[in-house]
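Letters go in sequence order (proteins before strands), and every chain restarts at 1. Only a predicted model underlies this, so the values are computations on that prediction, with no experimental measurement involved.
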Number of protein chains: 2
Amino acid sequence: MSKRLIFVTGNSNKLKEVKAILSEGGHPIEIDSQSLDIDEIQGTTQEVAKAKCRRAAELTGSACITEDTALCYAALNGLPGPYIKYFMAEVGHEGLNNLLAGFENKAAWALCTFAYSAGPGCEPILFEGRTEGKIVPARGPKVFGWDAVFEPDGTAMTYAEMPAEQKNKLSHRYKALEKLRAYLQTLPAHDPSA
Amino acid sequence: MSKRLIFVTGNSNKLKEVKAILSEGGHPIEIDSQSLDIDEIQGTTQEVAKAKCRRAAELTGSACITEDTALCYAALNGLPGPYIKYFMAEVGHEGLNNLLAGFENKAAWALCTFAYSAGPGCEPILFEGRTEGKIVPARGPKVFGWDAVFEPDGTAMTYAEMPAEQKNKLSHRYKALEKLRAYLQTLPAHDPSA
């Protein structure tokens with residue numbers, strides 16, 4: 001018997017990756033995706049993630065998972081954090097470095113938050129994956145968001161320079177998905193809502 | 001006959017100021033205040049303002065006004081913008097300057113957005129007030145948000161250094177309120193929903 005849930009995303013590549021990772025070991029989990037237009041709120045990464053997942057459960061009427069990504073600068077006490085996509089869009093890779101010109105500390109962490117809700121009205125549970133690193137002048141292909149300016153500690157490579165397989169194993173996203181997978185495997189195989 | 005509306009704020013000083021300005025000239029406008037816990041969304045200052053006012057009208061079941069403030073750096077294409085409160089809280093006055101250390105352009109604008117909704121389901125109308133200036137090392141009392149680091153063009157003083165009367169006449173907030181006042185005066189004196 002399989003569990004069934006909806007991954008709220010408009011990105012079919014993300015769906016594929018999530019399906020693959022969540023189905024490793026244990027019993028299979030059936031995942032559909034649905035693209036929804038949900039406003040993201042302002043607040044901490046946890047508040048942002050919970051609000052989105054809560055709303056997704058209401059809209060889908062189903063158990064569901066949502067995903068959020070943040071890039072947090074140590075010198076800015078975690079900001080831009082959940083707002084990084086706006087900074088990336090407005091100032092680009094060079095600007096993401098320039099923001100730190102006045103600060104000695106270039107450390108940053110990439111944070112992925114998966115949220116799971118068992119259904120409408122069920123408080124979301126969060127699974128956070130965090131990868132420590134630093135902000136550097138862009139290296140590698142510049143096609144995927146801020147990957148070119150984030151160098152995980154001990155790798156001497158930016159996310160953008162890494163082979164996909166290497167990145168997947170140390171990425172904030174993979175760490176969060178691993179936690180989500182472990183949790184889902186503990187749920188009863190027979191979904192009572194099915 | 002007077003119009004009646006609700007100003008959504010938990011700040012009694014703001015209520016007093018808004019009452020005073022909106023009642024200048026013309027017919028009086030009755031304003032009550034109500035403190036509501038409304039999540040702010042991420043997005044442009046206009047999207048943020050509209051979403052809050054739309055929600056406020058639903059929650060109050062009444063005509064209402066809401067207010068939003070942003071501080072927009074020219075070098076960052078308008079950011080931090082609606083997120084300025086988080087940056088102020090996390091990095092303080094010095095950090096607000098340090099963010100621009102890597103950029104020549106220190107220009108910024110303070111933006112106030114009042115939103116008015118005639119009631120639940122009525123699309124909010126926006127009234128924006130914008131004051132041009134630049135980001136400077138803090139001068140004047142540091143008690144009120146980022147006032148000490150924003151120097152409006154042509155004044156040689158930061159908001160924090162100005163006498164209240166001078167600030168009120170050139171502030172982004174006053175400009176937005178003036179537009180709102182002018183609009184409210186054009187509405188029929190007899191509120192059909194009363």
Side-chain angles (χ1 to χ4, degrees), chain A residues 36-55 58 66 68-106 108-109 124 135-138 146 149, chain B residues 36-55 58 66 68-106 108-109 124 135-138 146 149:
Chain A
L36 292 174
D37 191 19
I38 299 178
D39 284 332
E40 303 208 53
I41 69 163
Q42 299 179 27
T44 64
T45 55
Q46 300 194 339
E47 288 164 347
V48 171
K50 282 189 178 177
K52 183 157 85 177
C53 190
R54 215 179 277 129
R55 184 77 182 127
E58 282 167 17
T66 55
D68 283 283
T69 295
L71 183 61
C72 307
Y73 290 14
L76 306 181
N77 270 338
L79 292 170
Y83 315 117
I84 187 64
K85 58 184 169 293
Y86 301 104
F87 282 81
M88 179 61 208
E90 297 300 341
V91 302
H93 291 113
E94 200 180 327
L96 291 186
N97 274 271
N98 279 350
L99 283 174
L100 288 176
F103 300 89
E104 278 300 308
N105 188 353
K106 312 295 183 191
W109 62 94
I135 303 300
V136 298
W146 41 262
V149 300
Chain B
L36 292 174
D37 190 19
I38 299 178
D39 285 332
E40 302 206 54
I41 69 162
Q42 300 179 25
T44 65
T45 56
Q46 300 193 340
E47 290 164 346
V48 171
K50 282 189 178 177
K52 182 156 87 177
C53 191
R54 214 177 279 130
R55 183 78 181 127
E58 282 168 15
T66 55
D68 284 281
T69 295
L71 183 61
C72 307
Y73 290 14
L76 307 181
N77 270 340
L79 292 171
Y83 315 116
I84 187 65
K85 56 184 171 296
Y86 301 104
F87 283 81
M88 178 62 208
E90 297 301 340
V91 303
H93 292 112
E94 201 180 326
L96 291 187
N97 274 271
N98 279 352
L99 282 175
L100 287 175
F103 301 90
E104 277 299 307
N105 188 353
K106 312 296 182 189
W109 62 93
I135 302 301
V136 298
W146 42 262
V149 301

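- Contact record, A:Val48 with A:Gly43: CG2-O, 3.9 Å, taken as the closest heavy-atom pair.
- What you find for B:Thr66 and B:Cys53 is that their closest heavy atoms are OG1-CB, 3.4 Å.
- A:Asn97 places a side-chain N or O within donor-acceptor distance of the main-chain N or O of A:Val136, the cut-off being under 3.5 Å.
- Residues of residues 85-94 of chain B having a heavy atom under 4.5 Å from any heavy atom of chain A, listed by number: B:Lys85, B:Tyr86, B:Phe87, B:Glu90, B:Val91.
- One distance of note links CD of B:Glu40 with CG of A:Asp39; it measures 12.5 Å at 0.5 Å rounding.
- With hydrogens and angles disregarded, a donor-acceptor distance shorter than 3.5 Å links the side chain of B:Gln42 to the backbone of A:Ile41.
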Validation: residues 68-76 of chain A side-chain donor-acceptor distances under 3.5 Å, sequence neighbours left out:
| from | atom 1 | to | atom 2 | distance (Å) |
| --- | --- | --- | --- | --- |
| A:Asp68 | OD1 | A:Lys52 | NZ | 3.1 |
| A:Tyr73 | OH | A:Leu96 | O | 2.8 |

